[in-house]
Amino acid sequence: MGKRWSVSLQGTFWLRTIQISVSFAELKQSIGLATKQLGFQYFLYRGRFPDLRTKVYEFHLESCPDGWQCDAVGSNVVLDPLYRRALREVTPIYWRELVPYEPAWIASARRCGLATGVTLPVHGPDGRWSSLSLVKNRGGAEVERYIRAALGRCQLLAVFVHDVAHRIIKNQVELAFPVEQCKAESWGLTERERDCLMWIAAGKTTAEVARTLSLAERTIVFHLANARRKLGVTNSYHAIMKAVSLGQIKAA
């Protein structure tokens, strides 16, 4: 008598186009669509994924204007403050906050039409890492307020793209080098874990979820931690995305 869980993702049909991408060309096109739907003009995506044979794939996708040089690999990448910071940070990086520390880089970006934005790091298990930057072509207080208001959807997009990029690489590697099927993950979620993920996906805090479910907040934190552990992810947004992709909860 199990329930059928559904996470409301109204207005986010572009997440489905990302989820069904089977190549980096399709993924780039889908990210571009999502970028526009979220009200941004450009995106920068970087990923670094170890494959099943210990090789590390590092690559980038972008939709920036001509003249912008995005060297995502090689020696010049250490000069990019977004890359350096996203490697070591897990919280959103607002470009506005880089102005006092990276004035030359910010000035170069603005000359090319990249006025302001936010970079969203995603750190997964086994050394998997990526970052998605969503960029506006104009700045100002109103634009910064918009970016903060859209942050939840931006983070959801970042973890969707991260997971799909890993799947594309994994599929390519398995086609080139067939490997034995790995033992299935123990990702089956309990009803209460699905409850908690569903309400977090709806935008509630752990305290609000606790009141909704008539439980202690520490119990909600416990269930969310269990769900993340089972799904092999490091944050609740990524857990929601993976639970959707595995059919544990359904995107409405």
Taking 4.0 angstrom as the limit, do Asp80 and Arg46 come out as a salt bridge? yes
Atom CD of Glu208 with >12 non-hydrogen neighbours under 6.0 angstrom: yes
Are Leu151 and Val122 connected, step by step, through hydrophobic side chains (Ile, Leu, Val, Met, Phe, Trp, Tyr) whose heavy atoms are closer than 4.5 Å? yes
Do you know which two heavy atoms are closest between Phe43 and Cys64, and how far apart they sit? O-SG, 3.9 Å
Go through Ile93 and Val118 one step at a time and tell me if the side-chain contact (heavy atoms from CB on, under 4.5 Å) criterion holds. CA-CA 6 Å; Ile93 302 163; Val118 62; 5.9 Å; no
Can you confirm whether Ile31 sits close enough to Leu132 that some side-chain heavy atom of one is under 4.5 Å from a side-chain heavy atom of the other? yes
Val99 and Arg110: side-chain contact (heavy atoms from CB on, under 4.5 Å), yes or no, with the steps? CA-CA 11 Å; Val99 174; Arg110 287 176 174 173; 3.9 Å; yes
Once rounded to the nearest 0.5 Å, what's the spacing between atom CZ of Arg167 and atom CD1 of Ile169? 11.5 Å
For Cys196, the option from Val221, Thr206, Ile220, Asn226 that meets side-chain contact (heavy atoms from CB on, under 4.5 Å): Ile220
Can we say Lys28 and Glu62 salt-bridge, meaning some charged N sits less than 4.0 Å from an Asp/Glu carboxylate O? no
OG of Ser130 to CG of Leu120, rounded to nearest 0.5 Å, is 9.5 Å
Is there a side-chain contact between Lys230 and Thr190, using heavy atoms and a 4.5 Å cut-off? yes
Working to the nearest 0.5 angstrom, can you tell me the gap between Ser30 OG and Ile18 CD1? 6.0 Å
Which heavy atom of Cys154 sits nearest a heavy atom of Phe40, and at what distance? SG-CE1, 3.7 Å
Let me see the working for Ser131 and Tyr45 under side-chain contact (heavy atoms from CB on, under 4.5 Å), right down to the final yes or no. CA-CA 6 Å; Ser131 71; Tyr45 177 76; over 6 Å; no
For a quick check under 3.5 Å, do Ser236 and Arg228 share a side-chain donor-acceptor pair by atom type? yes
Please examine the side chains of Leu33 and Gln37, heavy atoms only from C-beta on, and report whether any two atoms are closer than 4.5 Å. yes
Quiz: residues 136-148 side-chain donor-acceptor pairs under 3.5 angstrom, not counting sequence neighbours:
unit_1 : atom_1 : unit_2 : atom_2 : d
Lys136 : NZ     : Gly39  : O      : 2.4
Glu144 : OE2    : Thr116 : OG1    : 2.7
Tyr146 : OH     : Leu38  : O      : 2.5
Arg148 : NH2    : Glu97  : OE2    : 3.4

Shortest non-hydrogen contact from Ala34 to Leu157? CB-CD1, 3.8 Å
Is it true that, when you exclude Arg88 itself, more than 12 heavy atoms of the residues, nucleotides or ligands shown sit nearer than 6.0 Å to its CZ? yes
Out of curiosity, Ile168 CD1 to Glu26 CD, how far, rounded to the nearest 0.5 Å? 7.5 Å
Partner of Thr119 under side chain to side chain donor-acceptor pair (under 3.5 Å), picked from Tyr83, Tyr94, Trp95, is Trp95
I'd like to know whether Arg229 forms a side-chain contact (heavy atoms from CB on, under 4.5 Å) with Leu224, so could you lay out the CA-CA distance, the side-chain angles of the two residues, the decisive distance to 0.1 Å, and finally the verdict. CA-CA 9 Å; Arg229 177 182 55 79; Leu224 289 172; over 6 Å; no
Can you list the steps and then say if Phe49 with His162 is a ring-ring contact (aromatic ring centres under 6.0 Å, His included)? CA-CA 10 Å; Phe49 299 87; His162 176 88; 5.2 Å; yes
Would you say that Leu231 contacts Leu189 through its side chain, given a criterion of any heavy-atom pair below 4.5 Å between the two side chains? yes
Compare every heavy atom of His123 with every heavy atom of Glu89, then report the nearest pair and how far apart it is. O-NE2, 2.9 Å
Distance under 6.0 Å and angle within 45° of ring axis: Arg85 vs Tyr101: yes
At their closest point, which heavy atom of Ser21 faces which heavy atom of Val164, and how far apart are they? O-CG1, 4.0 Å
Within this structure, what is the NE2-CZ distance for the pair His60 and Phe24, rounded to the nearest 0.5 Å? 12.5 Å
Do Thr212 and Trp199 pair up side chain to side chain, a donor and an acceptor below 3.5 Å, judged on atom types alone? no
Check whether any side-chain heavy atom of Ile106 lies under 4.5 Å from a side-chain heavy atom of Arg96, and answer yes or no. no
A side-chain contact here means heavy atoms from C-beta on lying under 4.5 Å apart; do Leu82 and Leu98 qualify? yes
Pairwise distance CZ(Arg153) to CG(Leu134) - rounded to 0.5 angstrom: 11.0 Å
Least distance between heavy atoms, Ala86 atom then Trp129 atom: O-NE1, 2.9 Å
Under the criterion salt bridge (charged side-chain N to carboxylate O under 4.0 Å, His left out), I'd like the reasoning laid out for Arg84 against Glu102: C-alpha separation, chi angles, the key distance, then a yes or no. CA-CA 12 Å; Arg84 296 197 313 270; Glu102 306 288 347; 2.9 Å; yes
Does one hydrophobic cluster hold both Leu215 and Phe222, with members joined at side-chain heavy-atom distances below 4.5 Å? no
